[in-house]
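Presented below is the structure to which this report refers.
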Amino acid sequence: MTVVQTAPAVRRDGVVRAAEIGELTLESGFRLPDVRLAYETWGELAPDGSNAVLVEHALTGDSHAARGTAVGYGDTAPFDMDGRRAAADAGGWWDGLIGPGAAIDTNRWFVVCANILGGCHGSTGPASLAPDSAPWGSRFPRITVRDTVAAEARLADRLGIRRWRLVVGGSMGGARALEWAVCHPGWVEACAVIAANARVSAEQLAWGHAQALAIRQDPRFARGDYYSGAHPDEGLGLARRIAHITYRSAHELAARFGREAQPREDPAGTHPGTRGRYRVEGYLDHQAVKLAARFDANAYLSVNETLMSHDVARGRGSLRQALARTSCEWLVAAVDSDRLFPPEESAELAAALPGEHEVHTITSPSGHDGFLLETPQVGRLLRAVLPD
Ligand SMILES: CC(=O)SCCNC(=O)CCNC(=O)[C@H](O)C(C)(C)COP(=O)(O)OP(=O)(O)OC[C@H]1O[C@@H](n2cnc3c(N)ncnc32)[C@H](O)[C@@H]1OP(=O)(O)O
Ligand SMILES: N[C@@H](CCO)C(=O)O
């Protein structure tokens with residue numbers, strides 16, 4: 001992996017850099033040494049620091065929220081995880097929303113996106129080396145959403161940012177944005193929480209549990225200390241299949257795949273164990289292979305655990321009391337077909353915020369992943385909180 005370590009003096013849109021933020025004392029009390037956050041920026045920070053926007057990625061996202069400029073790499077080799085991403089001008093996961101003239105207009109706003117603490121795309125995570133020069137593996141501590149915010153606050157300090165015009169995220173990124181508004185009310189002028197809730201529900205915990213077990217029960221998992229051998233990609237792939245079903249709607253799966261057979265395969269074979277696949281099975285298998293090629297299983301467990309920690313009211317009284325300390329503008333939006341973070345959970349959040357807030361509806365056949373796919377609709381919502 002190539003991560004450039006520089007001060008952000010020169011504008012290099014969409015190029016991964018690393019901030020060494022020192023030791024971080026986690027909520028658990030664990031002191032995590034030598035923490036690094038990988039991050040990317042787009043645009044230029046105004047002299048008075050008034051135009052910073054923090055974009056928070058979801059569970060398996062990374063800092064590459066949008067493509068960068070294809071010029072001026074110089075010493076700044078683009079992020080490269082096992083050679084897979086060749087250049088900053090490769091597409092990002094919110095490409096339609098961030099860029100010159102886009103809803104988050106990089107001609108106007110200085111956009112920051114950091115890989116989450118505990119991840120595997122440049123930030124300190126379970127595959128990073130511990131002080132004994134061996135990977136943390138099973139020794140990597142539990143990271144809460146609040147810990148991720150604490151790490152990003154250090155990054156903001158390093159970048160000279162003391163306020164965010166907007167902190168925005170979808171799904172787990174929404175949880176991270178919400179925690180920012182509660183942990184640092186003085187820094188956050190507007191907060192957009194999309195396809196996310198105030199606290200992870202029992203059902204979401206249940207999905208998380210099943211995904212974690214899928215990884216832990218892979219014989220190659222080796223209790224998390226597998227880095228010197230084969231990686232538990234089968235378990236990781238199974239976790240992704242479970243998760244991906246929750247990311248899409250039943251209606252969409254029916255419309256796209258129905259009961260069709262995977263091309264050149266026969267699902268009506270005599271023996272269930274050897275039969276060919278249905279197309280929807282082929283689709284899920286593809287998602288599994290793709291994730292295993294770009295993600296570390298321990299990091300998946302870490303971010304899964306981080307998501308499961310999400311409860312903005314934990315230790316802060318009632319939900320209303322927890323949110324009463326916030327002082328920002330709000331954008332709360334839900335995807336109408338989302339069965340993982342259903343709109344009623346966004347409504348619970350909106351109702352508990354100080355003041356009156358509606359839940360904006362993103363119409364999508366695609367379920368939870370609508371926050372990634374319905375960019376024109378998300379863009380219209382964001383333009384309303386980011387005036388020209
Ligand atoms: C914001 C974040 O934090 S997450 C970062 C971005 N997220 C991800 O990358 C997560 C993984 N992917 C996803 O969540 C989704 O795929 C999205 C939201 C990114 C994109 O969704 P869509 O554009 O609807 O793509 P979709 O889910 O339909 O997948 C299409 C892929 O399935 C493949 N596919 C479809 N049917 C089948 C099948 N029967 N057999 C095999 N492959 C199939 C397609 O060929 C295509 O492959 P490719 O992605 O390698 O080109
Ligand atoms: N596709 C998204 C869904 C979770 O919000 C991800 O993998 O992060």
Side-chain angles (χ1 to χ4, degrees), residues 40 55-67 81 84-85 90-98 104 113-116 118-121 123 145 148 168-177 192-197 200 204 207-208 211 236-237 239-249 251-265 267 276-295 299-300 302-304 306-308 310 334-335 337-342 345 362 364-375 378:
E40 299 180 37
V55 175
E56 300 279 36
H57 69 72
L59 193 77
T60 66
D62 56 37
S63 60
H64 201 58
R67 70 189 62 238
M81 188 180 169
R84 270 190 297 278
R85 182 181 299 144
W93 51 265
W94 245 5
D95 249 347
L97 292 171
I98 302 165
I104 305 178
C113 183
N115 181 220
I116 193 169
C120 57
H121 290 93
S123 292
V145 177
T148 70
V168 54
S171 189
M172 184 175 180
R176 297 165 66 195
V193 182
I194 303 171
N197 55 11
V200 154
Q204 290 150 8
W207 288 122
Q211 291 167 51
L236 177 59
R240 185 59 162 187
R241 289 177 182 86
I242 295 167
H244 197 77
I245 299 166
T246 72
Y247 298 158
R248 312 305 284 231
S249 74
H251 176 78
E252 184 207 20
L253 295 179
R256 282 177 71 174
F257 305 112
R259 295 188 51 79
E260 282 177 35
Q262 182 74 351
R264 297 173 297 286
E265 295 191 30
R277 296 170 297 174
Y278 292 98
R279 250 183 85 198
V280 69
E281 295 176 296
Y283 171 66
L284 287 182
D285 291 348
H286 181 79
Q287 300 296 337
V289 168
K290 265 183 84 171
L291 186 79
R294 70 176 176 89
F295 223 82
Y300 192 93
S302 178
V303 294
N304 185 50
T306 301
L307 177 59
M308 289 168 81
H310 174 52
V335 182
S337 57
D338 191 336
R339 57 178 163 185
L340 182 59
F341 288 82
E345 293 180 12
I362 298 164
S364 176
S366 300
H368 181 61
D369 268 348
F371 80 92
L372 293 167
L373 295 167
E374 307 297 342
T375 45
V378 177

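Numbers for residues simply follow the sequence, beginning at 1. For the numbers below, each heavy atom of this structure counts, side chains included, while hydrogens, waters and symmetry mates do not. One-based numbering, in listed order, for ligands and for the atoms of each.
Of the possible polar contacts, none joining the Arg176 side chain to the Met172 backbone as a donor-acceptor pair under 3.5 Å is found. Judged purely by atom type and a 3.5 angstrom limit, Trp94 uses its side chain to pair as donor or acceptor with the backbone of Phe371.
Atoms of ligand 1 lying under 4.0 Å from any heavy atom of Gln262, numbered from 1 in the order shown and given with element: 38 (C), 39 (N), 40 (N), 41 (C). Shown in contact with Phe257 at under 4.0 Å from a heavy atom are these atoms of ligand 1, numbered in order with element: 36 (N). Near Gln287, meaning under 4.0 Å from one of its heavy atoms, ligand 1 places the atoms 12 (N), 16 (O), 26 (P), 27 (O), 29 (O), 31 (C), 32 (O). Against a heavy-atom cut-off of under 4.0 Å, Arg294 is close to the following atoms of ligand 1: 8 (C), 9 (O), 10 (C), 11 (C).
Ring orientation note: the planes of Phe295 and His121 are tilted relative to one another, at an angle of 30° to 60°. Taking the six-membered ring where the residue is Trp, Tyr247 and His368 present tilted rings, their angle falling between 30° and 60°.
Arg339 is linked by a salt bridge (charged side-chain N to carboxylate O under 4.0 Å, His left out) to nothing, counting only residues two or more places apart in sequence or in another chain.
Atom 5 (O) of ligand 2 has its closest protein heavy atom at Ser171 OG, 2.6 Å.
Taking NE2 from His310 and CG from Asn197, the interatomic distance works out to 5.0 Å, rounded to the nearest 0.5 Å.
Taking any N or O of Leu372, backbone or side chain, none lies under 3.5 Å from an N or O belonging to ligand 2. Backbone and side-chain nitrogen or oxygen atoms of Trp93 are examined, and none is located within less than 3.5 angstrom of a nitrogen or oxygen of ligand 1.
At a heavy-atom distance under 4.0 Å, only side-chain atoms of Arg240, from C-beta outward, approach ligand 1.
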